[in-house]
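Heads up: the structure comes next, in structure tokens.
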Amino acid sequence: MEEVNISRRQIVIFTTIVMVVLVAIFNHAMCWLDSGMTWNRFLVWGLSIAGVICIPFIVGYVEPVFRLANRVADKIIFVKTIILFHKKQVGIGALIYTSMTYFVWLLVKLTTSDLMEDFQICRFWFLWGCVSLAFFLIVFSRISSVKVEMVFAGVALILGMTTIFSGPRYVGITPDDETHFARSISLVSLFDGVKYEAETKMLEDYSILLEGIQNKTTSYEDMVSYTRELNDHFGRDYANNSSLGIDYQQDASGYMTQRGWFSLVYIPSAVAIIIARGLDLPFSQIFMCGKMGILFSYISIIYFAIKRLKYGKILMAFVALIPSGMILASSYSYDWWVTAFLLAGFSYYISALQYREKKLSVKDIVCMLLCFVLGVWPKWIYCVLMLPLFFIPKDKFESKKQRGLYYLVLFMGTLLVFLILILPILIHGLGQGDIRGGVGVNATVQLILVFEEPWRYIQIMLKFMRSYISLDNAGQYLTNMGYLGDGEHAGLLTVVMGVLAFLDRDKTKIKMPITRIINLFAIFFGIAAVITVFYLVFTPVGAETVLGCQARYLIPFLFPVLYFVGVDGTSTCISTKMMALISVGMVGIIYLVNYWSLYISYL
């Protein structure tokens, strides 16, 4: 690709225009109920001034950022050139796709109602997703230079947008989504201190909404009626300075306030909500935009994670698209954050092992450690997965000095995680535990019992782990779609993942037994740590099993365990492009089939 020289002046002017527009939207999203000067106003004004002045300066005159901006501009110009060069093919493709979309709209209209106001929008968006997936796979199968990360991004975007557009415009779809929505809104209200009646109403009605989803008793008409009711309770006339109906300042799991350290994971949804408010969208669409912020962030992080790998790209794309993970990446949660950043961290770590001749740069080291730290930020128990970072081969470093600095930064990062996430628990104790576990839960007493009878607990843990990670339970961590229900075809997904673990590899056999053992050891103890946490905080004292340990917590372990179980040196006659399209297309189809059977078909 031929580089295009863009001057600093052009970059600064363009960035300034973009920031002025964003700042205008940001300020318009604020709802000031008090006319006096408050710290909220100073915060908003300060961010607005910094956005218009500082950001353009940083983009234009901080060299690394300027080079990044130039690369982005080069990519945009390159795509524009390709489209213009193939404008006939692009025009025909756009016409076909538009015609197919119109046919879907007409089909849904004729089969649901003669009245436009009763148009079944959920079925339309589902069929749109099916048509878009088929169109995408056919088009990409005819393009010679297809990259795995592009296939992943396209399929993930189609599945995610289908879920968001066709799903209910309220909570009760995935575990704890009401909690994560409340925390996102609390972060947004940091700027103007305002809550809306629609938000409080939806959280107060959560148990009713959840019951309708789980029991399949919610009709399309009920959804439309409730959505309109929420929209009618949103706006300046329904704003107030009171807190949300549910108090999340300090829950049983030891979380800090939603404006504290853990707020970091809610930034994507909060930013999207603010932009949607600034565009004067109704509440239902603002709710959807928050989900889209999560989806776009998930896709972007994993796109670059896949791009960094030399091989294992298809396996990572496949794991990132499994139904259990995609439904969480299309809802209010922070599971997507953990999965995305841990995959990004492993992509840096594994690519360092794959490119044996290439030395680790300072940038690689910083990015790898940052991704792992961000990945364990909301769920510190996954920090066990950072253990292999202490055993990177010596020949990967440029010098002894760099190696010493690496271990210094690694120890400092580990210390940071300990001080911020673990030390508060050690000081204040585990407390009563999670009250959702029911009567008899007492984390402090349970911990004492574990120390008094360690062998008994090890037996309980291993017995539970056997069923927890077994293939019989694969449906729970592969095709479970939250409160929509358990999907099918988990066995097929398991087989494909197992095949990819051995076929999506380098043709040259690389022996790394010590590295393999260390990683599998870390994964085993990571799973054991997850089980232990739920035994302590969610399970009644002295119980012979573990409660509350949902299978979705295994998703971050899937890629590393499959990669380090597989071996290199296997060749296949199937091209990388076809392998990617077939496997990714398969998981996309399974997702849509399950989504139809668990949700759309009941409307």
Between side-chain atoms of residues 337-344 and protein atoms elsewhere (two or more places apart, or another chain), which donor-acceptor pairs fall under 3.5 Å?
residue: W337; atom: NE1; partner: L374; partner atom: O; Å: 2.6
residue: T339; atom: OG1; partner: D335; partner atom: O; Å: 3.1

Please report, to 0.1 Å, the donor-acceptor pairs under 3.5 Å made by any side chain of residues 49-64, with sequence neighbours excluded.
residue: E63; atom: OE1; partner: R8; partner atom: NH2; Å: 2.6

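Annotation: side chain of Y483 is not in contact with side chain of T174 (no heavy-atom distance under 4.5 Å). Using a 4.5 Å heavy-atom cutoff, the side chains of N40 and D192 are not in contact. Using a 4.5 Å heavy-atom cutoff, the side chains of W336 and I327 are not in contact. Here the side chains of M223 and Y170 are in contact, with some heavy-atom distance below 4.5 Å. The shortest distance between side-chain heavy atoms of F181 and L203 falls below 4.5 Å. Side-chain atoms of W596 and F126, non-hydrogen and from C-beta on, do get closer than 4.5 Å to each other. For the pair T218/P168, no side-chain contact is recorded, criterion being any heavy-atom separation below 4.5 Å from C-beta on. At least one side-chain heavy atom of R552 sits under 4.5 Å from a side-chain heavy atom of P175.
Judged purely by atom type and a 3.5 angstrom limit, K313 uses its side chain to pair as donor or acceptor with the backbone of I306. Remark: the backbone N or O of V171 is not paired with any side-chain donor or acceptor of D177 at under 3.5 angstrom. In this structure a side-chain-to-backbone donor-acceptor pair under 3.5 Å is missing from R123 to I121.
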Exercise. Dump the intermediate steps for side-chain hydrogen bond (donor to acceptor under 3.5 Å, both in side chains) on H180 and Y266, then the final yes or no.
Key: CA-CA 8 Å; H180 300 298; Y266 300 109; 2.9 Å; yes
Quiz prompt | Full working for side chain to side chain contact (heavy atoms under 4.5 Å, CB included) between E149 and F304 | solution = CA-CA 8 Å; E149 57 268 24; F304 289 105; over 6 Å; no
Quiz prompt | L385 and F346: CA distance, side-chain angles, deciding distance, side chain to side chain contact (heavy atoms under 4.5 Å, CB included) verdict | solution = CA-CA 9 Å; L385 290 175; F346 272 110; 4.2 Å; yes
Exercise. Verify ring-ring contact (aromatic ring centres under 6.0 Å, His included) between F26 and F191, making sure each step is shown before the conclusion.
Key: CA-CA 10 Å; F26 175 54; F191 299 104; 5.3 Å; yes
Quiz item: Given I381 and V376, is the side chain to side chain contact (heavy atoms under 4.5 Å, CB included) satisfied, shown in steps?
Solution: CA-CA 7 Å; I381 199 65; V376 304; over 6 Å; no
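For F318 and F559, the gap between ring centers reaches or exceeds 6.0 Å. Taking the centre of each ring, F372 and Y382 stay at or above the 6.0 Å mark.
Put simply, CG on L309 and CE on M316 are 4.5 Å apart, with the number rounded to the nearest 0.5 Å. In this structure, the separation between NZ on K363 and CG on L370 is 12.5 Å, given to the nearest 0.5 Å. The CG atom of D280 sits 3.5 Å away from the NE2 atom of H28 when rounded to the nearest 0.5 Å. With rounding to the nearest 0.5 Å, the separation of CG in L295 from CG in L157 is 6.0 Å. Note that CD of E197 is 11.0 Å distant from CD of E229, once rounded to the nearest 0.5 Å. With values rounded to the nearest 0.5 angstrom, M292 atom CE is found 11.0 Å from S330 atom OG.
No side-chain donor-acceptor contact under 3.5 Å links S225 and D222. For the residue pair S7 / Q10, a side-chain donor-acceptor distance below 3.5 Å is found, with atom types taken as modelled. In this structure, a donor-acceptor pair under 3.5 Å is absent between the side chains of D176 and S333. Looking only at atom types and distance, the side chain of T163 has a donor-acceptor partner in the side chain of Y591 under 3.5 Å away. Judged purely by distance below 3.5 Å, without hydrogens or angles, the side chains of S189 and K195 pair a donor atom with an acceptor atom.
By the side chain to side chain donor-acceptor pair (under 3.5 Å) test, S166 pairs with Y595, sequence neighbours left out. Under the side chain to side chain donor-acceptor pair (under 3.5 Å) criterion, S269 pairs with S184, not counting sequence neighbours. Listed by chain and residue number, K201, L209, Y226 satisfy the side-chain contact (heavy atoms from CB on, under 4.5 Å) test with D205 (two or more places apart in sequence, or in another chain). Taking D364 as the reference, R308, S361 meet the side chain to side chain donor-acceptor pair (under 3.5 Å) condition, with sequence neighbours excluded.
More than 12 heavy atoms of other residues, nucleotides or ligands lie within 6.0 Å of CD in Q214, so this atom counts as buried by the packing criterion.
For the pair E199 and R277, the salt-bridge criterion is met [side-chain N within less than 4.0 Å of a carboxylate O].
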